[in-house]
Amino acid sequence: MWIGVGRIVLDFYNNDKLSIKKKKLEELCKDLRKKFNLSAMEIADEDQLERCVIGFAAVMPESWKRAAAQNLIQKICKTIDETAFARVVSEDWDLLGH
């Protein structure tokens, strides 16, 4: 089994309402869950208006090659970068498995 985990930091520049941040984060995480069948949620800085930290985890079958698992994690990160409501300022991910 492969487990891909990631941490993405977004800069939501000039946001002044926590409710807007929460709504946009939930929409983004919901879309990620639907598209990639993974777990995603805000994991830190919940009360900061201009900073969003998203964590995600995806489980893949052990029959996958390492390259295929890495490609999926990279595709998830690329999707966040292309569809997020805020600018990605940091992206960290790792792949655990055999």
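- Considering only residues two or more places apart in sequence or on other chains, I43 meets the side chain to side chain contact (heavy atoms under 4.5 Å, CB included) condition with R7, M41, V53.
- Pairs engaging residues 74-95 under the side chain to side chain donor-acceptor pair (under 3.5 Å) rule: D11-R87 [sequence neighbours left out].
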Exercise for the section: Step by step, work out the side-chain contact (heavy atoms from CB on, under 4.5 Å) result for L72 and W2. Expected result: CA-CA 11 Å; L72 177 63; W2 297 101; over 6 Å; no
Table please: side-chain donor-acceptor pairs of residues 60-67 below 3.5 Å, with sequence neighbours left out.
none

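- For the atom pair CD1 of I80 and CG of L28, the computed distance is 6.0 Å after rounding to the nearest 0.5 Å.
- In terms of heavy-atom proximity, I73 sits nearest to G4 at CD1-CA, 3.5 Å.
- Annotation: side-chain hydrogen bond (donor to acceptor under 3.5 Å, both in side chains) contacts of K22 (sequence neighbours excluded): E42.
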Handout entry: Verdict with supporting geometry, C52 and D45, side-chain contact (heavy atoms from CB on, under 4.5 Å)
Key = CA-CA 6 Å; C52 311; D45 298 334; over 6 Å; no
Problem - Steps toward side-chain contact (heavy atoms from CB on, under 4.5 Å) verdict (I54, C29) - result: CA-CA 8 Å; I54 300 170; C29 290; 4.1 Å; yes
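- Summarising the geometry of L49 relative to L18, their closest heavy-atom pair is CD2-N, 3.4 Å, with the distance given to 0.1 Å.
- The ring-ring contact (aromatic ring centres under 6.0 Å, His included) analysis of residues 14-52, with sequence neighbours excluded, yields no pairs.
- Between S39 and R33 the shortest side-chain heavy-atom distance does not fall below 4.5 Å.
- Side-chain contact between R51 and L10 is absent, with no heavy atoms from C-beta onward closer than 4.5 Å.
- A 4.5 Å side-chain heavy-atom check between L38 and I76 finds at least one atom pair inside the cut-off.
- For residues 66-85, the pairs satisfying ring-ring contact (aromatic ring centres under 6.0 Å, His included) are F12-F85, with sequence neighbours left out.
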